[in-house]
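Note that the coordinates shown come from a computational prediction; the quantities given were computed from them, not determined experimentally. We name chains A, B, ... by the order of the sequence lines, and we start the count at 1 in each one. Just the heavy atoms: all of them, side chains too, but no hydrogens, waters or symmetry mates, feed the values below.
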Amino acid sequence: MTAVPVVPGCTWHPGYLAPADQTALLATLRDLLRQAPLFQPVMPRTGTPFSVRMTNLGSLGWVSDKAGYRYQPHHPVTGEPWPPIPDAILAVWDAVSGYPHPPEACLVNWYGPGARMGLHQDRDEEDLSAPVVSLSLGETGLFRIGGTTRGGRTVPVKLASGDVLVFGGIARLAYHGVDRLLPGTSTLLKDGGRINLTLRRVTKPV
DNA sequence: CAGTAGCT
DNA sequence: TCGC
């Protein structure tokens, strides 16, 4: 498996998932999205909506609303527990994370045309010793990752469908985001757009 | 168009 | 301040 270093602590696995596996995973996701529909998060305090829609799988899911960022065990709209993380996704974590405990959260970010994600840190987890594992499906996203402070150099990565990105260790708190999508770069999603699955360990294992 | 300041 |  190709492992491309991006910045120290961050490794890119281009084409990790074969096209047939991407199609199968997408079918699984579509089924799960019926149980845990996409919702539109908003920024704390201001209520400014995100341009991505999201949902979660796993025992804990990341949400953002006017009260703040947090992990919670239930869907904010339906009140139902998040569906379990499918085995095909857990297998990716097992293969690339180097972490001996399963992820608790699989954040599903759905990028429609024009959606983006400003530079930010993932820092709402209690266990920062586990890496963040990201899996891309659909159109290529212009991803960017830098250091642990704003204002430093950042490195662009074109994350295509099937790519896996891992950032942990010194890169666990790296600023990262998605500038924009490259339209027409994938036919996996009929209407275009991109799905990003982000796997995280939230609590410290007992 | 990338990167950042500055906003509320 | 995971947006603009």
Residues that, via side-chain heavy atoms closer than 4.5 angstrom, fall in one hydrophobic cluster with A:Leu182: A:Leu142
Reading 5' to 3' through nucleotides 3-8 of chain B, protein heavy-atom contacts under 4.0 Å coded B for base, S for sugar-phosphate only, - for none: SS----
What donor-acceptor contacts under 3.5 angstrom involve side-chain atoms of residues 75-92 of chain A, with partners at least two apart or in another chain?
residue, atom, partner, partner atom, Å
A:His75, ND1, A:Val77, N, 3.0
A:His75, ND1, A:Thr78, N, 3.2
A:His75, NE2, A:Pro37, O, 2.7
A:Thr78, OG1, A:Glu80, N, 3.1
A:Trp82, NE1, A:Gln72, O, 2.7

Spacing of A:Arg180 atom CZ relative to C:dG3 atom C1', expressed in whole Å: 19 Å
Protein-nucleotide distance (A:Lys66, atom NZ; C:dT1, atom C1'), rounded to Å: 15 Å
Interatomic distance, A:Met43 CE vs C:dT1 P [rounded to whole Å]: 8 Å
Ring geometry between A:Phe167 and A:Phe143 (parallel below 30°, tilted from 30 to 60°, perpendicular above 60°): tilted
Closest approach of A:Thr154 to A:Pro156 (non-hydrogen atoms, all atoms of both residues): O-CD, 4.0 Å
Interatomic distance, A:Met54 CE vs C:dG3 C1' [rounded to whole Å]: 12 Å
Interatomic distance, A:Ile145 CD1 vs B:dA2 P [rounded to whole Å]: 17 Å
Touch class at under 4.0 angstrom, heavy-atom based, for A:Pro41 against every strand present: nothing
Sugar-phosphate only, base, or nothing, as touched by A:Gly118 at under 4.0 Å among non-hydrogen atoms: sugar-phosphate
Touch class at under 4.0 angstrom, heavy-atom based, for A:Asn196 against every strand present: nothing
Any side-chain donor near an acceptor of the partner, A:Asn196 and A:Ser134, under 3.5 Å: yes
Nucleotide C:dG3, atom C1' - distance to CG of A:Asn109 in whole Å: 14 Å
Spacing of A:Lys158 atom NZ relative to B:dC1 atom C1', expressed in whole Å: 13 Å
Of all pairs that satisfy salt bridge (Lys or Arg N to Asp or Glu O under 4.0 Å), the ones with a partner from residues 156-182 of chain A, not counting sequence neighbours: A:Glu125-A:Arg172, A:Arg144-A:Asp179
Sugar-phosphate only, base, or nothing, as touched by A:Met117 at under 4.0 Å among non-hydrogen atoms: base
Close side-chain approach of A:Asp65 and A:Arg70, heavy atoms under 4.5 Å: yes
Nearest-angstrom distance from the residue atom CZ of A:Arg53 to C1' of C:dG3: 18 Å
All pairs passing salt bridge (Lys or Arg N to Asp or Glu O under 4.0 Å) where residues 12-30 of chain A contributes a residue, at least two apart: none
Minimum-distance nucleotide (side-chain atoms of A:Arg116 versus C:dG3, C:dC4, B:dC1): C:dC4
Sole candidate of A:Thr198, A:Asp122, A:Asp124 that passes side chain to side chain donor-acceptor pair (under 3.5 Å) when paired with A:Trp62: A:Asp124
Stem segments of DNA chain C by first residue number [Watson-Crick or G-U, under 3.5 Å, at least 3]: none
